[in-house]
Amino acid sequence: MVGKIKRLLIANRGEIVCRIVATCRAMRVETVTVYAQDDKDLPHASAGDMSILLMGNALSETYLNIEKLIEAAKSSGADAIHPGYGFLSENARFAEAVTKAGLVFIGPPAHIIALMGDKGESRRLCQSIGVPVVPGYDGDAQDTKLLAKAAAGIGYPVLVKAAAGGGGKGMRIVESADALPAALEAARAEAKNAFGDDRVLLEKYLVQPRHIEVQVFSDTHGNHVHLFERDCSIQRRYQKVVEESPAPQLPEALRESMIRAAIAITSHIGYVGAGTVEFILDANGEFYFLEMNTRLQVEHPVTEMVTGLDLVQLQLQVAEGKALPFTQKEVKRHGHAMEVRLYAEDPDREFLPAPGVLSAFSLPHLPHVRCENGYSSGSRISANYDPMIAKLAAWGQTREETIRRLLNALAQVWMEGTIHNRAFLMRVLESEDFRAGKVSTGFIASHRQALLENNYNEDEVAALAAAYLLCGNTAPSAASGSLAEHSAWTRVVTN
Ligand code: ADP
Ligand code: ADP
Ligand code: MG
């Protein structure tokens with residue numbers, strides 16, 4: 001039995017550090033944050049009770065340096081390490097080193113991270129317990145000829161994936177046999193570079209599927225619960241930009257089957273802590289296991305808003321050896337929540353990161369809206385890191401009310417200095433198909449023209465924000481989809 005965690009080191013950067021510190025303060029757990037020299041002016045560097053500079057310029061010297069992070073924890077008297085998401089959060093070697101150093105790792109044991117972190121191994125495990133996986137090849141043999149044969153058997157298009165992959169890296173769609181060798185080469189190089197492991201697997205490429213995932217939680221007493229599902233179908237570059245719970249237009253029986261499959265996995269492997277089981281749902285209503293993320297997810301606020309739970313608090317309690325403080329039956333979901341990821345990126349240029357200085361930046365304070373942020377006015381969004389600026393999440397009784405609150409909040413973000421995706425996100429939320437719950441991972445591509453049309457420029461957003469401010473938190477009517485209608489509405493209320 002682990003004792004109470006008194007001081008926690010957070011081995012990460014940006015918004016997730018500030019998020020974890022907030023829960024620790026409420027729990028009276030002291031926090032130690034770490035920062036690289038180029039992050040010294042960011043909020044996370046000084047968010048905790050103590051802060052430690054990680055010397056060096058390369059990621060391998062800072063946020064990815066296992067020895068330095070453990071040394072920082074020891075020298076600051078921390079008794080536990082929270083890895084956040086990304087970076088070392090799904091690195092089994094890190095989890096093991098933390099434990100070996102006599103510290104508590106906030107996450108599952110190393111062997112479970114290793115098992116579920118390998119897309120091939122976790123696929124095989126799912127098959128062995130009857131959880132469906134996408135038709136594909138996940139064998140050890142990796143020579144190109146054999147993969148070509150496997151791809152022909154699966155049928156094109158196929159998706160090449162890095163076995164050790166994450167964050168959409170190392171993935172390539174292959175339309176036909178002649179394109180396979182080049183795609184394999186590119187995926188292997190990217191995987192080697194990002195994960196130090198160039199093994200790949202092949203999957204049938206599903207057209208316009210939905211991404212639906214189940215939030216799971218387990219403790220060390222053998223309790224395995226789910227905290228419902230999230231729909232994360234709105235993606236670009238295989239990465240999520242809008243997430244919500246409940247998943248819209250999902251038949252109840254299907255929801256229950258996916259949740260059952262997720263729990264079958266966690267109970268089979270004896271999972272511990274917070275995790276996410278990701279599924280892909282095809283147009284015929286068949287779902288398949290994609291992967292399991294053995295960490296806190298970027299989009300966890302959505303689940304917190306519909307369940308009223310604090311997932312970071314639960315993570316710490318589970319790590320202290322406590323049993324989950326509720327049973328499955330006691331977890332209830334209320335209303336609807338939705339999150340958008342605000343990025344410094346250019347929707348007009350294939351969502352290419354657009355690093356730069358955020359010369360002015362402020363987020364709104366609104367009822368039922370939560371903003372998670374790791375920057376302030378004058379902060380630099382560096383090309384060295386993920387270009388996510390902030391997350392905005394809203395809650396409402398209905399999906400429609402939630403969308404209106406989120407649009408209102410987005411309109412009131414004040415941002416200058418970098419190119420960003422705010423207007424793009426607003427167009428997604430305004431789109432008729434999105435409003436109707438017709439979402440798929442092909443949504444952005446198939447609505448490209450409408451979403452990229454420059455009809456929602458920053459001046460207009462500013463005018464909208466002013467209008468929203470004039471009328472408090474009331475957003476335009478649900479039916480109003482276009483800016484023209486917003487403007488008309490503005491005139492009505494200001495006259
Ligand atoms: P989530 O899966 O939580 O919805 P993402 O897939 O966008 O979120 O990943 C969260 C962040 O972590 C991104 O910055 C992504 O680049 C990074 N990331 C995810 N998996 C890995 C990994 N295995 N190795 C390195 N970085 C990763
Ligand atoms: P990562 O570890 O990078 O998150 P995932 O396996 O979770 O990789 O896949 C990321 C995204 O790529 C999914 O959410 C989905 O949009 C898309 N994707 C993955 N596998 C397939 C597939 N077989 N067919 C179509 N799209 C897929
Ligand atoms: Mg994934």
Side-chain angles (χ1 to χ4, degrees), residues 85-87 89-91 113-127 131-138 150-151 153-175 183 186-188 190-191 193-195 197 199-216 229-244 247 258 262 265 274-284 286-300 341 351 386 388 439-446:
Y85 58 73
F87 295 117
S89 61
E90 293 183 277
N91 186 310
I113 299 178
L115 172 66
M116 299 318 276
D118 186 294
K119 286 191 161 68
E121 246 189 271
S122 59
R123 269 175 62 96
R124 291 193 290 273
L125 180 134
C126 285
Q127 283 174 292
V131 171
V133 300
V134 187
Y137 170 82
D138 52 31
I154 296 164
Y156 287 92
V158 300
L159 188 61
V160 178
K161 278 188 184 180
K169 291 190 200 102
M171 262 196 258
R172 291 288 183 286
I173 303 173
V174 190
E175 302 287 348
R188 281 173 178 146
E190 199 172 308
N193 186 36
F195 316 112
D197 179 346
R199 287 171 308 126
V200 296
L201 54 96
L202 303 175
E203 279 181 5
K204 173 93 191 145
Y205 181 70
L206 305 178
V207 182
Q208 308 243 340
R210 288 174 70 176
H211 173 117
I212 295 177
E213 57 187 34
V214 178
Q215 174 71 53
V216 290
E229 85 287 357
R230 291 181 291 254
D231 187 307
C232 313
S233 298
I234 307 296
Q235 305 183 349
R236 46 102 189 89
R237 290 196 268 110
Y238 308 112
Q239 272 199 354
K240 306 152 188 171
V241 280
V242 182
E243 303 104 346
E244 61 183 305
M258 292 169 114
I265 295 170
T276 297
V277 180
E278 296 189 334
F279 296 104
I280 193 161
L281 176 65
D282 75 9
N284 306 321
E286 300 287 334
F287 70 88
Y288 307 96
F289 170 82
L290 259 189
E291 65 161 344
M292 178 165 186
N293 293 324
T294 54
R295 56 171 162 87
L296 190 68
Q297 203 90 354
V298 174
E299 57 273 21
H300 76 279
R341 301 190 193 183
F351 305 97
D386 189 278
M388 190 172 80
V439 294
S440 84
T441 62
F443 184 93
I444 288 178
S446 58

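Indexing begins at 1, ligand by ligand and atom by atom, following the structure's order. None of these values were measured; they are calculated from a predicted model.
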Legend entry - Interatomic distance, Ile234 atom CD1 to Glu244 atom CD [nearest 0.5 angstrom]: 8.0 Å
Legend entry - Contact (N/O only, under 3.5 Å) between Lys169 and ligand 2: no
Legend entry - With the Mg ion (ligand 3) as the apex, the OE1/OE2 angle for Glu278 and Glu291 - to 10°: 90°
Legend entry - N-O pairing of Glu213 and Lys240 below 4.0 Å: yes
Inset, instruction - Consider ligand 2: state whether an atom of it lies below 4.0 angstrom from any non-hydrogen atom of Lys119. - result: yes
Inset, instruction - Examine distances only and state if a side-chain atom of Thr441 and a backbone atom of Arg210 form a donor-acceptor pair shorter than 3.5 Å. - result: no
Inset, instruction - Compare Glu213, Arg123, Gln235, His211 and give the one whose heavy atom is closest to atom 11 (C) of ligand 2. - result: Gln235
Inset, instruction - Check whether any heavy atom of Lys161 sits under 4.0 Å from an atom of ligand 2. - result: yes
Legend entry - Gap separating the OH atom of Tyr156 from the NZ atom of Lys204, nearest 0.5 angstrom: 10.5 Å
Legend entry - Polar proximity ligand 2 side, Leu206 side, N/O cut 3.5 Å exclusive: yes
Inset, instruction - Pick one of side chain, backbone, both or neither for how Val207 approaches ligand 2, counting any non-hydrogen atom pair under 4.0 Å. - result: neither
Inset, instruction - List every atom of ligand 2 that sits less than 4.0 Å from any heavy atom of Gly168, numbering the atoms from 1 in the order shown and giving each element. - result: 1 (P), 3 (O)
Inset, instruction - Spell out, as yes or no, whether a donor-acceptor pair under 3.5 Å connects the side chain of Arg123 to the backbone of Val134. - result: yes
Legend entry - Leu296 to Tyr85 - nearest heavy-atom pair and separation: O-CB, 3.5 Å
Legend entry - Side-chain ion pair, Glu90 and Arg295, N-O less than 4.0 Å: yes
Legend entry - Interatomic distance, Lys119 atom NZ to Asp138 atom CG [nearest 0.5 angstrom]: 12.5 Å
Legend entry - Close N or O approach (Gly167, ligand 2; < 3.5 Å): yes
Legend entry - Backbone or side-chain N or O of Leu159 under 3.5 Å from ligand 2 N or O: no
Legend entry - For Gly165, the ligand 2 atoms whose distance to one of its heavy atoms is below 4.0 Å: 2 (O)
Legend entry - Leu290 side, atom CG; Ile280 side, atom CD1 - distance, nearest 0.5 Å: 4.5 Å
Legend entry - Which of the ligand 2 atoms, numbered from 1, are nearer than 4.0 Å to a heavy atom of Thr441: 16 (O)
Legend entry - Over all atoms of both residues, closest heavy-atom pair of Met292 and Gly275: CE-CA, 4.2 Å
Inset, instruction - Give yes if a backbone or side-chain nitrogen or oxygen of Tyr238 is under 3.5 Å from a nitrogen or oxygen of ligand 2, and no if not. - result: no
Inset, instruction - Give the numbers and elements of all ligand 2 atoms closer than 4.0 Å to a heavy atom of Met171. - result: 3 (O), 8 (O), 9 (O), 10 (C), 12 (O)
Legend entry - Geometric N/O contact Tyr205 with ligand 2, under 3.5 angstrom: no
